[in-house]
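Scroll down for the structure; my scribbles are underneath it.
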Amino acid sequence: MAERYDHRELEPRWQRRWEEEGIYRAEVDWSKPKHYALTMLPYPSGDLHIGHWYAMTPSDARARWMRMKGYNVLFPMGFDAFGLPAEQAAVQRNIHPAKWTWANIERMRRQLRSMGAMFDWRREAITCDPSFYRWTQWLFEKFYEAGIAYRGEALVNWSPTLQTVLANEQVIDGKDERTGQPVVQKLMEQWFFEITRYAEELLDFEGLDWPEPVKAMQRNWIGRSEGAEVVFRTEGGDELPVFTTRPDTLWGATFMVLAPEHPLVDGVTTPDRRAEVDAYREQTARRSELERMEEGEKTGVFTGGYAINPVNGERIPIWIADYVLLSYGSGAIMAVPAHDQRDFEFARKYGLPIVPVIQPDDGEPLDGATMTEAYVGPGVMVNSGPLDGTRCTEAKGRENPSIAAAIDWLVEHGVGREAVGYRLRDWLISRQRYWGCPIPMRYRRDGTIEPVPEAELPVVLPEDVEFTGRNPLAEHPEFVQTVDAEGRPARRETDTMDTFVDSSWYQYRYLSPDYDEGPFDPEEAAYWLPVDTYTGGAEHATLHLLYTRFFTKAMRDLGIFDETAEVMRRHGRDPDSLFDEPMLQLRNQGQVLGEERPGDVVHVVGRWRGETLVAESVRVDEHADPADADGVIVGEVMRRVENVLQVRVDDRLVTVEVPEDAVVEIPGIPGDNDVTQIRHHLEVQRMSKSRGNVVNPDELVEAYGADTVRTYLMFAYDWEKGGPWDSRGILGTRRFLDDVHRIGTERYVPKDVSEEATARLRRRVHQAIRKVDADMEAFKWNTAVATLMSLRNDLLEALRSGSVSADAWDEAVKTLLLLLAPMAPHLTEELWRGLGFDESIHLQPWPEFDPEVAREELVTLVVQVNGKVRDRLEVPADADAEAVEAAALSSERVRRWLETGEVRRIVARPPNLVNIVVG
RNA sequence: GCCGGGAUGGCGGAACGGAAGACGCGGCGGACUCAAAAUCCGCUGGGCGCAAGCCCGUGUGGGUUCGAAUCCCACUCCCGGUACCA
């Protein structure tokens, strides 16, 4: 009898042994092809979530597979350790953020090790470690010297709750994406990265194997639009440039609108309008983005000033309105109410003229007085002087003849130029927070700025700080007070960087986390870069993934990879275009959701008070006898809020109030019961502590083993999609590994060996190699595991019958273990060594697929009549069209159907299918 | 509104334009057991039929094709992104 599969003993043992033997150490070796596999680094929140396992263990399996395929694989891990939760812990629980973070890292490292992943821990990088953030600061200074990092004034998103500013990418629906608290717009001086410098290049995904949705989201976020810049003038003579995508409609502009914060507003406002304009501007400043959006109707006020339309010299009024944003284009628009819905609504509300300049192809000429909405379709230009008669299509930019004609006219007359606008704004990186990378700048007494000299880096976060809710750095005199390069008193910058700055370059620090002559060692970088495969959540599409692309491009342009390129050339590797993009291949995993759970069935006796049943007694009862008396209901508890239950009775929900003195009986829970112990129905939703539907990976590892958890997560879902957790489903995976354990330890005794059964098993083995290999390549772990389960079924069958040769059995077992090794590294290692091999299974080459052995000799021929399957026949795999046709026509079952009419056509697809068309 | 993605048994999910439902969960029946659990064996999309077998079936409606879950058109619902972007 074989020994039992004891994962509790076996898994830690192999983890220790691998560590001791250092089998996962990744060393530069120019004689081997490299593969840099990377999975998004976690925030050290304190506990590893099942989502981390779902993201990381399949990525680990793929990295292992690449290694067995002969690649030298780097698969590092680290922590994105700066960020707000640490400060919140400090305020709430009086623990220093550093202490809290480092304790969490310690704990999570242990949990990560329990995965049995091939992380090379010598390459661990932790963003809050001074040895890391020294180089974040160094990069900031390089960006500063190049003008990519700058201090500027802009309308920024200020979160009163967090007492800090946020990047555009962190604000969703006018609310902070983390806390859901509203954000207000404030004009503030802050640090920015000039990501817009790369807007055009960031739109180019050439050569990147990235998911289409991620590319689309980035394109939308960047929001390129083609048009023209047209220079209007105020009556006072000030230039008032506007950006428009429809320069062809310039002749229909009947007014202008400036953003309330626009610098020219003061100049154009006439004394009689001053009070109203100021009031409107103040109101705009006070309202949050959210309030502005909720207000459906457009508002605005007339400034009293006028501008001259450069195309026809017409005098048009200048308004201000908050539907025009200061941060897009020039913060001013020309309004063409006849052909822009926003302008139309505004014009109608305030009685401004509407002049159509496009005549639709069919129907009556447009009349500004009677139109009910803006016309945005195709037609012919009218009322437009030189453009009259030009065709207007629905195409954008120069593709549209009328727009092309308008741009040419503007250029010719010197009042405008072709222009491209982007929705993307510069990346606001200042945060008025403590737990982030300090911005290494200081302000001299004269107000000018200087970077902290490189030799003084890093600017270290002081530890003796107090947390009051405001930025503690600003209130720390020893930190703030410093001296400039000349020794004169200076003030230190107290803002820290957005944590997305840290994760924008961490993939480079992994290469050499201890290197102290630069952010990374060119000798390592030349071999490992770029990242070949990157995996992580799609929620980072417009945040991290856009930022890190920008970072790499900026670093490239600043020459930070020059030395690396030199080393590459020395080794005969062409560095051309290798530093344009950080990650060549990207894949997103989905999310593991909480499990659906039925609620308790309760038997409630009480009194009706309106629609509510006030309970006298509540009994949890599995045998749901139907209720027959008044004031008695039986049903499943769907929801519970405090002491109020929603019980489903037939198809409706009954509200049950359970007063303090009601009797609650739950047979399954001994002792006195109360209403909070009643289980309510749980729907499939994201896991969260408050919903009580989180699954704890540590407990799963304890109960089933890391290999089972890994394999189950790979088997249960389409990885890119995710889905609900199934606590019974994991048992099937454990049974699979139990069977593998049995197959790997049982002595096989051939009994009635048949050549046919032997050949069949060998065929299945080689088909499995092909299938698993293709699936690993394509991130289709679920079908890879399914293939191995089938192979398990074949082996169990062989074990029962003893019908295969000993050699075929050995080959099959060995192959099963090798193919399963990336998914279940501990068990396969144990069984492999048990078979007598001295070297780790994880150092073995991936099995070779033999097409000769995998080839089927007999295949099933499906015979259809008019597309419906009428018979299945066995034919040789090499049967030709004639042979399969003959076989099909001679089938007894098929013949009966042929009698219903004449054979009109026979479609043969040998060797699998024949379709006979009868009519 | 706009841009993506999706909808297949009771459930998770498989299916180069060619056998729908691989693999697993659950369910049902049987073996073992005093019994239960575990384990093992068999069945398991729906309907009709004693059976051979037949009919229906991949969100809905149409189309292309010898043949459609797969391609095309229109629509419904769900999920994600984005939203005065001039």
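Per chain, numbering begins at 1; letters A, B, ... match sequence-line order. The structure displayed is predicted, hence computed values, not measured ones.
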Between K868(A) (NZ) and G18(B) (C1'), how many Å, whole number? 16 Å

Return yes if the base of C85(B) and the side-chain atoms of R224(A) contain a donor-acceptor N/O pair under 3.5 Å, otherwise no. no

Please report, rounded to the nearest Å, how far the C1' atom of C84(B) is from the CZ atom of F243(A). 16 Å

Rounded distance (Å) that lies between atom C1' of C2(B) and atom CE of M217(A): 15 Å

For G49(B), the Watson-Crick or wobble partner whose two distances fall under 3.5 Å: none

In whole angstrom, what separates R728(A)'s CZ from G26(B)'s P? 5 Å

Over how many whole Å does the gap from F736(A) atom CZ to U39(B) atom C1' extend? 18 Å

Write down the distance between NZ (K298(A)) and C1' (A83(B)), rounded to a whole number of angstrom. 11 Å

Would you say the base of G18(B) and the side-chain of R909(A) have a donor-acceptor pair closer than 3.5 Å? yes

Strictly under 6.0 Å, is that where the ring centroids of F500(A) and W427(A) end up? no

Ion pair present between E345(A) and R348(A), side-chain N to carboxylate O less than 4.0 angstrom? no

Given that both distances must come in under 3.5 Å, which nucleotide forms a Watson-Crick or G-U wobble pair with A74(B)? U60(B)

Across all strands shown, which nucleotide pairs with U39(B) by Watson-Crick or G-U wobble geometry, both distances under 3.5 Å? A31(B)

By the rule that syn is within 90° of 0, classify the base conformation of G9(B) as syn or anti. syn

For residues Y5(A) and D739(A), is any side-chain donor paired with an opposing acceptor at under 3.5 Å? no

For K349(A), does the NZ atom have more than 12 heavy-atom neighbours from other residues, nucleotides or ligands under 6.0 Å away? yes

Give the nucleotide from the list C66(B), G26(B), C84(B) with an atom nearest to the side chain of D322(A). C84(B)

As a test of reading the structure: which of G24(B), C3(B), C85(B) is closest to the side chain of R792(A), going by heavy atoms? G24(B)

Spacing between L820(A) atom CG and C23(B) atom C1', to the nearest angstrom: 14 Å

Are the aromatic ring centres of F715(A) and F736(A) under 6.0 angstrom apart? no

Pairing partner of G18(B) (Watson-Crick or G-U wobble, both distances under 3.5 Å): C66(B)

Counting side-chain heavy atoms from CB outward, which of A22(B), A86(B), G26(B) is closest to R735(A)? G26(B)

Rounded distance (Å) that lies between atom P of C11(B) and atom CZ of F715(A): 17 Å

